[in-house]
Each structure stands twice: as C-alpha cells, then as structure tokens.
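Shown below is the structure under consideration.
Values below: every heavy atom of this structure, side chains too, minus hydrogens, waters and symmetry copies.
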Amino acid sequence: MTTETATDAFEAHRPVLLGVAYRMLGRVADAEDVVQEAWLRWTGTPRDDVREPRGYLVRITTRLAIDRLRQIKARGETYVGPWLPEPYVTDFGDTVPDTAERAVLADSVSLAVLVVLESLSPLERAVFVLREAFAFPYADIAAMLERGEPAVRQLAGRARKHVEERRPRYDVDPAGRRDLTERFLAAAADGDLEGLMALLAPEVRLVGDSGGKSQAPLRVLRTADKVGRFLVGVAQKSLPGLSVRFLELNGGPAALILSGGRPDSVFQLDVADGRVQSVYIVRNPDKLRSLAA
C-alpha cells in the first residue's frame, strides 16, 4: 500500500472513526484528537500487517478513546451544573440512505443516549457503541478489545439494559420534531406562556448546560409550569443581533441561536406523543466553538 493509498484509505474511514470517538467521549475536540492520533499510528504501521483497514482503524480509535475516557474519569473533573455532550453536526446526507440504519445512528448519537452513556464504564461504553451504533459482530469487538466473546456479550447486555432503563422516551420523526421546535421557539420568543404550555408535556424537564461560564439553570427544571415560566422569562432578555439557524445536531433538528453572528446557545427537544418531553439548552461557550463556522 503506497502512502497515497494509505491516506485515501484513512480518509475514507474518517467519518466512522470520528463517529466512534465522539460517541465514546461526547466531546468534538477530544474525538478529533483521538482520530488524529489514530492517523499517526496508521502512518507508522507496516501495510503488510493490515488485512482489513476499517476494522484495524476502528480498533486503534476505540482503544485510544478508552484511554482518553479513563484519563478524564481519573481526573475526577467537577462540572458546574448539568452536563450535556458537545453539539455534533450529523448531516448524514446520502451517506446513510437506509432509513433503519439512519435511525439507529441518529439514536446512538442523541443527547438523551449520550448522557446515559456517561454513566457506563469505558469498556461498556465501547461495546455499546461498536455493537449498537455500528453493528460490529461480537467476535470482532472481542478482538478489538482483547476480551473473550462471552465477556463482550455480557458487557453488551449490561450496557443495553442500563441505557434502555434510563434514557427518556422520544419520537425520532425529524419533520415532527422540526415543526414542534419552530412552534416552541415562536411561543417562547413571543412570551406566550399559554402557547408554550400547550406544547409541553406535564412532566417536561429542562436541562441547561453552561459549565458555569454563562447563564443557565444550575439544576434540572421539571414540570410544564416551571419550564414554561423560565422560558418566557428568558425571552424577555433580548440578545443583540438575535438570529436563529436550524440544523441537524446529534441526529435530530436543533436551533442554533446566534447573537451578533456568534453562537450563543443551542436548543434541542425530545418529543413524544406530540408534546415536548425534554428541553436541552447548551450555552457553555467552549461547546459552541465548533459551530462558529
């Protein structure tokens, strides 16, 4: 394999590698660092030793992500207020034409699932991502992680049960979520509490991530009354040069709020039965840098 061919092979698999690393870490910058390190390892690997580039590269990336995740957990970093993953652009376009496969990928990168994955061990998280998001066979995952296949199956079952028990229920229909997001923002912007209450589920929750670097609730807000009144109060504090851009983040429609052309916050909703079940607001400026472009 020539240098040019090796580069082409790596670039062909880069989206998958970034997808694995992001789902493992929940941070775009960390995922990009891991993929860059995988590239350096790849360039130093004798090509005759690689029979299947995709599997080899995913194995390197997964192990690097596990090491990075263990380092993060070992540091025991404290975070001010609720934590949400860094928003991640997931415009699959024509790269994932199959509806079922697209739905699986979107679900595995959703904010609701990634928050739950934070509570898994690094190995459980790796097995869940490789199996549930990318459908790798158990035997391949066992080889990547240098574990026995029975142990990997046990990890997968435990991780799947944990995620299913804890993740909020929501509909994946993008058109319905986009429509409700537009009506939600319009009601909030108009200070229409009655209109908002009609869209919110009785036990809706609002999760705001500021990292202590901007204004957002330091606790999860619950019930339609508290969430609605908070949003109306926020709408009364106008931002200079306010504009809204809709885009696909974490597998679903989201609203990027801009102030003077710069990212101020991201709103994303979980929707079920035609009502908003969860409101996610990311305002930590460190997590919005990748959206500045």
Once you round to the nearest 0.5 Å, how far does CD of Glu32 lie from CZ of Arg27? 14.0 Å
Pairing of Arg63 and Asp67 as salt bridge, 4.0 angstrom limit: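 Salt bridge flag = no for Asp67 with Arg63.
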Would you mind writing out the side-chain donor-acceptor pairs for residues 113-126 within the sub-3.5 Å range, not counting sequence neighbours?
from	atom 1	to	atom 2	distance (Å)
Glu118	OE2	Arg125	NH1	2.7
Ser119	OG	Val116	O	2.6
Ser119	OG	His162	NE2	2.6
Ser121	OG	Glu124	N	3.1
Ser121	OG	Glu124	OE1	3.4
Glu124	OE1	Ser121	N	3.1
Glu124	OE2	Arg158	NE	2.7
Arg125	NE	Arg23	O	3.0
Arg125	NE	Met24	O	2.9
Arg125	NH1	Met24	O	3.4
Arg125	NH2	Arg23	O	3.0
Arg125	NH2	Met24	O	3.3

Which word best sums up how the rings of Tyr88 and Tyr22 line up, parallel for under 30°, tilted for 30 to 60°, or perpendicular for over 60°? parallel
Any idea which heavy atoms bring Ala224 and Leu200 closest together, and the distance? O-CD1, 3.7 Å
Measuring from Leu17:CG to Gln36:CD, what's the distance to the nearest 0.5 Å?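 Going from CG on Leu17 over to CD on Gln36, the span is 12.0 Å.
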Evaluate the side-chain proximity of Leu221 to Arg205: yes if any heavy-atom separation is below 4.5 Å, no if none is.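 Arg205 does not reach Leu221 side chain to side chain.
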CG/Leu291 to CZ/Arg245 distance, rounded to the nearest 0.5 angstrom?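 So the CG of Leu291 and the CZ of Arg245 are separated by 8.5 Å.
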Other residues, nucleotides and ligands only: do more than 12 of their heavy atoms fall within 6.0 Å of CD on Glu149?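 Enclosed.
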Can you tell me if CZ on Arg262 sees more than 12 non-hydrogen neighbours from other groups inside 6.0 Å?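 No, because the 6.0 Å sphere around CZ of Arg262 holds 12 heavy atoms or fewer from other groups.
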Quick check for you: to the nearest 0.5 Å, what is the distance between Leu111 atom CG and Leu249 atom CG? 8.0 Å
Residue pair Leu269 / Arg177, side-chain heavy-atom distance below 4.5 Å: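 They are not in contact (no side-chain heavy atoms under 4.5 Å apart), so the answer is no.
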Can you name the closest pair of heavy atoms from Pro253 and Arg178 and give their distance?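 Taking Pro253 first and Arg178 second, the nearest heavy atoms are CG-N, 3.6 Å.
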Got a second to check how far Met197's CE is from Asp192's CG, nearest 0.5 Å?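 Going from the CE atom of Met197 to the CG atom of Asp192 covers 11.5 Å.
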Set out, in order, the CA-CA distance, both residues' side-chain angles and the distance that settles side chain to side chain contact (heavy atoms under 4.5 Å, CB included) for Val276 and Asp270, then state yes or no. CA-CA 6 Å; Val276 178; Asp270 281 345; over 6 Å; no
Does some side-chain heavy atom of Leu18 sit less than 4.5 Å from a side-chain heavy atom of Pro15? no
Leu196 side chain near Val232 side chain, heavy-atom distance below 4.5 Å: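 When only atoms from C-beta onward are counted, Val232 and Leu196 do touch, with a gap below 4.5 Å.
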Gly195 and Ala187: which non-hydrogen atoms are nearest, and at how many Å? C-CB, 4.2 Å
Under the criterion side chain to side chain contact (heavy atoms under 4.5 Å, CB included), I'd like the reasoning laid out for Asn284 against Ser210: C-alpha separation, chi angles, the key distance, then a yes or no. CA-CA 4 Å; Asn284 185 338; Ser210 69; 5.5 Å; no
Are the side chain of Glu132 and the backbone of Ser108 linked by a donor-acceptor contact shorter than 3.5 Å?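 No, Glu132 side chain to Ser108 backbone: no donor-acceptor pair under 3.5 Å.
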Tell me, do Tyr56 and Thr61 make a side-chain contact under 4.5 Å, heavy atoms counted? no
Show the numbers, then the answer: is there a side chain to side chain contact (heavy atoms under 4.5 Å, CB included) between Leu231 and Leu206? CA-CA 10 Å; Leu231 291 169; Leu206 183 147; 3.9 Å; yes
Look at the side chain of Asp209 and the backbone N and O of Leu84, then say whether any donor-acceptor pair between them is shorter than 3.5 Å.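 Yes; judged by distance alone, with no hydrogens or angles, the pair exists.
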Taking Ile257 as the fixed residue, which of Val244, Val266, Ile281 is the one that meets the side-chain contact (heavy atoms from CB on, under 4.5 Å) rule?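 It is Val244; the other options fail the test.
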Is Gln277 reaching over with its side chain to a backbone N or O of Val271, donor-acceptor style, under 3.5 angstrom? no
Hphob cluster co-occupancy, Leu199 + Phe246, side-chain heavy atoms under 4.5 angstrom: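 Hydrophobic grouping puts Leu199 with Phe246.
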Would you say Leu218 ends up clustered with Val282 if hydrophobic residues are merged whenever their side chains have heavy atoms under 4.5 Å apart, either directly or through other cluster members?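 No.
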Taking the basic N atoms (NZ, or NE/NH1/NH2) and the acidic carboxylate oxygens, is any pair closer than 4.0 Å for Arg167 and Asp107?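 Salt bridge between Arg167 and Asp107, a charged N being under 4.0 Å from a carboxylate O: yes.
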Closer than 3.5 angstrom, by distance alone: can the side chain of Arg222 be matched with the main-chain N or O of Val227 as a donor-acceptor pair? no
So, Arg14 and Glu11, do they make that salt bridge, N to O below 4.0 Å? yes
Please check this pair: side chain of Gln268 against backbone of Val279, looking for a donor-acceptor N/O pair closer than 3.5 Å. no
Honestly curious: do Val89 and Leu258 fall in one hydrophobic cluster under the side-chain, below-4.5 Å linking rule?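 Same cluster.
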Shortest non-hydrogen separation from Phe267 to Ser265 and the atoms involved: CE1-OG, 3.9 Å
Nearest 0.5 Å, what's the CG-CG distance between Leu130 and Leu145?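 The CG atom of Leu130 sits 6.5 Å away from the CG atom of Leu145.
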Any carboxylate oxygen within less than 4.0 angstrom of a Lys/Arg side-chain nitrogen, looking at Asp264 and Arg283? yes
If you take all heavy atoms of Arg59 and Ala143, which pair is closest and at what distance?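 Scanning both residues completely, I find the closest heavy atoms to be CD-O, 4.2 Å.
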Beyond-backbone contact of Ile72 with Asp30, side-chain heavy atoms, under 4.5 angstrom: yes
Please examine the side chains of Ser278 and Val207, heavy atoms only from C-beta on, and report whether any two atoms are closer than 4.5 Å. no
Looking at every non-hydrogen atom in both residues, tell me the closest pair between Ala112 and Tyr280 and how far apart they are.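 So the minimum-distance heavy-atom pair works out to CB-OH, 3.6 Å.
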How far apart are the C-alpha atoms of Val163 and Arg160, what are their side-chain angles, what is the distance that settles it, and do they pass the side chain to side chain contact (heavy atoms under 4.5 Å, CB included) test? CA-CA 5 Å; Val163 172; Arg160 189 182 305 112; 6.0 Å; no
Report whether Phe184 and Leu242 are members of the same hydrophobic cluster (ILVMFWY, side-chain heavy atoms less than 4.5 Å apart, transitive linking).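 The answer is yes; both residues are in one hydrophobic cluster.
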Is any side-chain N of the basic residue among Glu37 and Arg41 closer than 4.0 Å to the acidic one's carboxylate O?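 Yes, Glu37 and Arg41 are salt-bridged.
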Stacked cation flag Arg131 on Tyr138, 6.0 angstrom / 45 deg: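 Cation-pi check for Arg131 and Tyr138: passes.
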Could you tell me whether a side-chain N or O of Asn250 sits under 3.5 Å from a main-chain N or O of Val109, the two making a donor and an acceptor? yes
